[in-house]
Amino acid sequence: MVRNKRFYLMILAVLLITGAAVFVWKYWLYHAVGLLKGGNGDAFGRGGDTFPPTEETRYNMGLYLDVSTLTLYGTSVIETENNLDGPLSEMYFTLYPNAFEEKASSPAPPSAYRNGFDPGYIRVTEVKTDGIPASYEVQGTKLKLTLEEALSPGQPVKIEMAWKVKIPQAAYRFGAWDGVFMLSNFYPVLTVRKGGEWRFAEETPLGDPFCFACADYLVKLNLPSEYQVVSTGHVLAREAGAEGRDTVLIEASRARDFVIAATWRHQQLDTKAMNIPIRVYVNPGYEDTGVQVLREAEKILEYYACTFGSYPYEELDIIQVPMDGFQGMEYSGVIFLQDQVLSKAYSPSRREFLLAHEIAHQWWFGLVGNDQSREPWLDEGLANWSAGLYLRMTGKQTGSEQSAGIKAADLSRSLTEMRSRSDYLYSAYRGGEAFWNGLEGEIGTDKVVGVLRRYLAENRYGIATSEDVLRAVQNETGKDMTWYFSQWFRDWQEKAPPVVKVKTGGD
């Protein structure tokens with residue numbers, strides 16, 4: 001009898017140990033899969049701190065571009081789900097075109113309005129949730145959608161919208177000039193909620209006041225047949241229709257945003273890097289410089305892919321556009337370059353640095369996002385440093401020209417705390433670059449590259465913070481580096497969360 005009891009107890013112990021092992025294995029597997037997918041979920045899908053979730057968010061859009069009236073008519077079907085820990089009773093959408101409605105508050109510089117100020121805006125005419133008319137209100141660049149019944153954790157929702165956009169006659173990243181339509185941030189986009197706060201776009205003329213979550217896109221665009229389309233993603237089909245108009249079907253996966261440029265006269269130049277198509281679109285007469293940009297882009301993309309990780313999109317498109325206020329502007333898989341950048345009078349070395357900076361954004365903005373309003377240094381400083389690294393490694397630059405002499409800066413400043421464009425450039429670009437140069441001096445270039453590979457792996461398709469940078473630095477080096485961060489951020493010791501140090505070898 002005693003022997004039988006011992007036997008049953010042994011069997012029970014084995015079962016308990018096996019069950020525990022299976023639980024631990026499933027827990028580890030869940031997090032491993034979540035890491036690979038870039039998810040923010042807790043164990044077994046109990047939610048996360050960042051909404052909307054990349055894996056479950058899709059935008060299906062139908063667009064009609066009227067080039068004569070500078071109007072874009074659109075419908076959106078947005079599918080997502082509540083991945084937060086608690087119920088979700090409201091959502092917000094960013095309506096960026098409304099920032100261009102008033103002359104005094106437009107983010108475009110006065111020089112962009114070459115025929116005088118011309119307003120831009122977006123008007124939402126209908127909103128439904130799961131097929132039922134929904135309650136919403138618009139205030140400036142914000143649309144608040146109130147749900148009739150709160151979404152439970154894990155509950156999906158489908159939002160349908162009808163809207164139209166008045167495109168301003170302006171040489172800007174959102175505008176139309178000289179036959180070129182530059183349509184960035186033109187559609188209603190879900191506002192990110194992270195850490196219990198909605199990350200609204202700031203109404204400021206400085207930089208990129210955005211915080212975007214990655215999503216999948218399927219876009220059907222109808223436009224005049226003579227227009228080329230340069231966009232995020234890749235074209236699945238183009239069909240000729242009636243009355244001299246074509247319909248273009250475009251697909252993009254895990255894109256941080258979706259941009260369109262439409263033009264009727266650009267010349268297309270092509271090459272490939274690591275089997276990734278690269279296309280450069282230039283105005284007639286700029287073909288020679290366009291070929292230089294094409295060859296440089298090929299080398300830069302190959303370098304970054306080998307150094308940081310694979311290029312995240314199916315192609316890279318670079319287009320010359322009339323754009324005041326910026327020399328270059330990055331989007332998912334697309335780069336806008338200002339007209340003058342491709343002129344023969346423009347400095348070739350400056351152009352190469354600018355191109356390397358914008359291509360770096362495909363990693364530090366595209367793959368790893370951040371709140372560009374609250375922490376602009378995260379993507380801009382890192383893109384600057386990456387460009388400098390590329391030039392150094394190819395023997396074209398021996399040291400940092402952008403951040404020389406900067407030993408400390410307050411990187412905790414948001415866009416709204418910056419007083420001028422020069423202040424913004426000094427803080428976000430040069431100060432951010434100087435941070436990484438200083439870190440190189442502390443731990444070495446190879447270790448910094450290892451930090452960035454870890455930072456990318458841990459935040460792929462997510463929205464990172466300065467604390468995530470510290471976490472990657474400490475986990476890669478096995479050292480307490482809070483003292484270094486304290487030199488670059490005010491009140492860092494009080495703000496930074498505890499970071500578990502993991503010894504991974506090396507120094």
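Remember, predicted model here, so these are calculated numbers, not experimental data. These values consider heavy atoms only, across backbone and side chains, with no hydrogens, waters or symmetry-generated copies.
Rounded to the nearest 0.5 Å, atoms CD1 (Ile250) and CE (Met61) are 9.0 Å apart. Note: Leu236 CG to Arg238 CZ = 13.5 Å, rounded to the nearest 0.5 Å.
Residues passing the side chain to side chain contact (heavy atoms under 4.5 Å, CB included) test with Gln327, sequence neighbours excluded: Gln338, Val341, Tyr346, Arg350, Leu354. Legend: residues meeting salt bridge (charged side-chain N to carboxylate O under 4.0 Å, His left out) with Glu160, ordered by chain and number and at least two apart, are absent. Looking at residues two or more places apart in sequence or on another chain, you find a side chain to side chain contact (heavy atoms under 4.5 Å, CB included) between Asp339 and Asn283, Gln320, Pro322. Partners of Arg374 by side chain to side chain contact (heavy atoms under 4.5 Å, CB included), not counting sequence neighbours, listed by chain and number: Glu197, Arg199, Asp371. Remark: His361 engages His357 in a ring pair (Phe, Tyr, Trp, His ring centres under 6.0 Å) (not counting sequence neighbours). With sequence neighbours excluded, no residue satisfies ring pair (Phe, Tyr, Trp, His ring centres under 6.0 Å) with Tyr136. Not counting sequence neighbours, the partners of Pro224 by the side chain to side chain contact (heavy atoms under 4.5 Å, CB included) test are Val67, Glu226, Tyr227, Arg245. Not a single salt bridge (charged side-chain N to carboxylate O under 4.0 Å, His left out) links Glu314 to another residue, sequence neighbours left out. Legend: residues meeting salt bridge (charged side-chain N to carboxylate O under 4.0 Å, His left out) with Lys144, ordered by chain and number and at least two apart, are Glu90. With sequence neighbours excluded, the residues forming a ring pair (Phe, Tyr, Trp, His ring centres under 6.0 Å) with Phe174 are Phe100, listed by chain and number. Under the ring pair (Phe, Tyr, Trp, His ring centres under 6.0 Å) criterion, Tyr311 pairs with Tyr313, Trp363, not counting sequence neighbours.
Sorted by first then second residue, the side chain to side chain donor-acceptor pair (under 3.5 Å) pairs that include residues 70-80, not counting sequence neighbours, are Thr57-Thr80, Thr69-Thr71, Ser76-Trp163.
When every heavy atom of Phe186 is checked against every heavy atom of Pro97, the shortest pair comes out as O-CG, 3.7 Å.
Remark: the Asp257 side chain and the Ser332 side chain contain an N/O donor-acceptor pair separated by less than 3.5 Å.
For the pair Trp488 and Trp377, the minimum side-chain heavy-atom distance is 4.5 Å or more. The shortest distance between side-chain heavy atoms of Trp385 and Trp364 does not fall below 4.5 Å.
Judged by distance alone, the side chain of Asn370 and the main-chain N or O of Ile463 form no donor-acceptor pair under 3.5 Å.
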